[in-house]
Student: 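Sharing a structure here in structure tokens format.
Scope of the values below: all heavy atoms of this structure, side chains included, with no hydrogens, waters or symmetry mates. Lettering follows sequence order; numbering is per chain, from 1. Quick caveat: nothing in here was measured; it's all calculated off a predicted structure.
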Protein chains: 2
Amino acid sequence: MSQSPWQPISPEKPVRAIREPLTRERIVDAAMRLLVEQGYDAVSMRKVAQVLDTGPASLYAHVANKKELDQLLVDRAAQDMNLPDTPDPDRWQEQLKDAMREMLRVMRANPGVARAAMGQVPLGERALLSTERMLGILKAGNLPDQAAAWAVDLIPLFVTATAFEETVKGGAATWTKDDIDGFVAYLRGFFESLPADRFPLTVALAGALTAGASSDERFEFGITVITAGLASLADGN
Amino acid sequence: MSQSPWQPISPEKPVRAIREPLTRERIVDAAMRLLVEQGYDAVSMRKVAQVLDTGPASLYAHVANKKELDQLLVDRAAQDMNLPDTPDPDRWQEQLKDAMREMLRVMRANPGVARAAMGQVPLGERALLSTERMLGILKAGNLPDQAAAWAVDLIPLFVTATAFEETVKGGAATWTKDDIDGFVAYLRGFFESLPADRFPLTVALAGALTAGASSDERFEFGITVITAGLASLADGN
DNA sequence: ACCTGAACACCGTTCAAGT
DNA sequence: ACCTGAACACCGTTCAAGT
């Protein structure tokens, strides 16, 4: 069944036009681009497939389902996280706070990752490395094993929820500082206008309740509370 | 243009069969039933409409959109929350912990509410009352105004994220204790099998990392850390 | 082995038309 | 004023058929 010998070599195949084969990596690349540029809701199997110039069904040869794709995206983002690998017992609290700030920074740089991370145990290699580093800091702080273990659950929970809230409020579009200020002013007015007999504290604290929305003060408050709370659990305290 | 007098009174109108008019309340009732029985993903405008024996478009006369319906659901759940209205300076920390336990209880009793609550400012009347009560406890603990205000942001963030994680892991179906134990055993084995040179702490703490999944120990840890952290910010501390 | 088209069973929202 | 059917522009996933 060999071909006839005078069959001409096919001339100048349009090599560049041949489709690169799909791979897990190309799929995650495309999904990540969508995630960063258009937010979590833009990452659908269909849109990812479209970016790769194919149909949604083709993705399922490389990725089990949407949830697995979400996990891959979270792990891809974890790659960018730069956590200290030399814990210092003398300044573990500052290191822990820096680690939380770094987590938030990465989640902000990749809007949508927070939503993808919510409610999944991060088992990717990069994510596990972050956990390992965090455990190092906590053990440097003399936390008991069990406290350190639960803390590496609590900390990402807090940071992820913070980042998720931010992106939900923004949606895909990004609010300008003026938009936020406008909303804050509205909210403050709303609190102040509540019946003072039933909501005395809400009315009195209207200013405080709406403060720090456009800065990191709220987040800083959170990491201060958590760090102080953890420190109170350290051995020999 | 009056009707002719001998027009007979329409005999025995099938009164019971006349459709009750749609109202906000009926819509929320139906949505709440779906939410509790089938989880957050079952609450679609279409399914709610179907339960009410109409089409999805009919709902939009009473509810602005899906997001507003979510807010209404959260407020309906807040109704069930029983928070102390007489703050006691001597045991404010215990009251605060009880309040968090109560919040989690209600969210567990209404699976899906946590997902609906994520990332929205709770502005319903019932939800605002919970905030007011929480502020009362925190002020009884001598927290500065700003700390109390940010704390009533941090606390629901933590409780909601905890409840959300639980329901995500379960999905609509509920895991049995055996299912959880099986998953925990798998996870523990996974951590123990990691390369000990790169993940020494993760391997060593595999047991601690997977402990307390089927009980409230993790949540109790979280409320202990947050309460202790807040206490450290109290005036005259 | 990998990829594809087409289908299945869904979404939220809008709008002209009816009562 | 309220409700409706039908449409628009989407989802995730499956599966038989192709290469």
Side-chain angles (χ1 to χ4, degrees), chain A residues 1 3 10 13-15 17-31 34-35 37-73 112 115-116 118-120 168 171-173, chain B residues 1 3 10 13-14 17-31 34-35 37-74 112 115-116 118-120 168 171-173:
Chain A
M1 290 294 203
Q3 299 204 305
S10 63
K13 264 193 210 158
V15 179
I18 284 176
R19 270 250 253 309
E20 288 175 80
L22 278 182
T23 60
R24 231 163 198 266
E25 229 206 316
R26 287 190 65 219
I27 291 170
V28 176
D29 282 345
L34 278 171
L35 187 73
E37 284 165 18
Q38 291 172 232
Y40 181 77
D41 286 339
V43 184
S44 67
M45 298 300 268
R46 302 174 107 94
K47 288 219 188 91
V48 172
Q50 193 183 286
V51 168
L52 296 169
D53 208 23
T54 181
S58 303
L59 306 181
Y60 286 85
H62 303 92
V63 161
N65 49 37
K66 176 78 196 319
K67 209 176 157 186
E68 185 175 293
L69 181 56
D70 280 355
Q71 297 217 63
L72 292 169
L73 288 169
R115 171 64 186 80
M118 292 251 33
Q120 45 178 319
V168 161
Chain B
M1 290 289 204
Q3 299 204 306
S10 62
K13 262 193 208 158
I18 283 177
R19 271 251 254 305
E20 290 175 79
L22 277 182
T23 60
R24 231 160 198 269
E25 228 207 317
R26 287 190 66 220
I27 291 170
V28 176
D29 281 346
L34 278 172
L35 187 73
E37 284 165 18
Q38 291 171 231
Y40 181 77
D41 286 338
V43 184
S44 66
M45 298 300 267
R46 302 174 107 93
K47 289 219 188 91
V48 171
Q50 192 182 286
V51 168
L52 295 169
D53 210 22
T54 181
S58 304
L59 306 182
Y60 286 84
H62 303 93
V63 161
N65 49 35
K66 177 76 195 320
K67 209 175 156 185
E68 185 175 294
L69 181 55
D70 279 356
Q71 297 216 66
L72 292 169
L73 288 170
V74 172
R115 171 65 187 79
M118 292 250 32
Q120 44 178 320
V168 162

Student: If we only count heavy atoms from C-beta on, is the A:M118 to B:M118 side-chain gap below 4.5 Å?
Tutor: yes
Student: Enumerate all atom pairs, one protein N or O and one N or O from nucleotides 8-11 of chain D, separated by less than 3.5 Å.
Tutor:
residue, atom, partner, partner atom, Å
D:dC11, OP1, A:S44, OG, 3.0
D:dC11, OP1, A:K47, NZ, 2.8
D:dC11, N4, A:R46, NH2, 3.3

Student: Looking at B:I27, is its backbone amide N or carbonyl O close enough to the side chain of B:H62 to form a donor-acceptor pair, meaning the two atoms are under 3.5 Å apart?
Tutor: no
Student: Crowded around A:E68 CD? As in, over 12 foreign heavy atoms under 6.0 Å?
Tutor: yes
Student: Considering only atom C1', compute the distance from C:dC11 to D:dC8 and round it to an integer number of Å.
Tutor: 12 Å
Student: Can you tell me if A:H62 touches the phosphate of C:dC3, counting only side-chain N or O atoms and a distance under 4.0 Å to OP1 or OP2?
Tutor: yes
Student: Starting at CZ of B:R24 and ending at P of D:dC2, how long is that distance when rounded to a whole Å?
Tutor: 13 Å
Student: For B:P56 and A:A57, find the nucleotide of DNA chain D closest to each by heavy atoms; which residue's nucleotide sits nearer the 5' end?
Tutor: B:P56
Student: Judged by atom type as modelled, is there a donor-acceptor pair below 3.5 Å linking the side chain of B:R46 to the main-chain atoms of B:G55?
Tutor: no
Student: Just by modelled atom types, is the B:A116 backbone N or O under 3.5 Å from a matching donor or acceptor in the B:Q120 side chain?
Tutor: yes
Student: If we ignore angles and hydrogens, is there a donor and acceptor under 3.5 Å between the side chains of A:Y40 and A:D70?
Tutor: yes
Student: Start with the C-alpha gap between B:M45 and B:L69, add the side-chain angles, then the distance that decides, and say whether side-chain contact (heavy atoms from CB on, under 4.5 Å) holds.
Tutor: CA-CA 9 Å; B:M45 298 300 267; B:L69 181 55; 4.0 Å; yes
Student: Under 4.0 Å: is that the gap between some side-chain N or O of A:T54 and OP1 or OP2 of C:dC3?
Tutor: no
Student: For DNA chain D, what are the stems built from at least three Watson-Crick or G-U pairs in a row, each pair having both distances below 3.5 Å?
Tutor: C:4-8 with D:12-16, C:12-16 with D:4-8
Student: Suppose you measure atom P in D:dC10 against the same atom in C:dA9; what distance do you get, rounded to whole Å?
Tutor: 22 Å
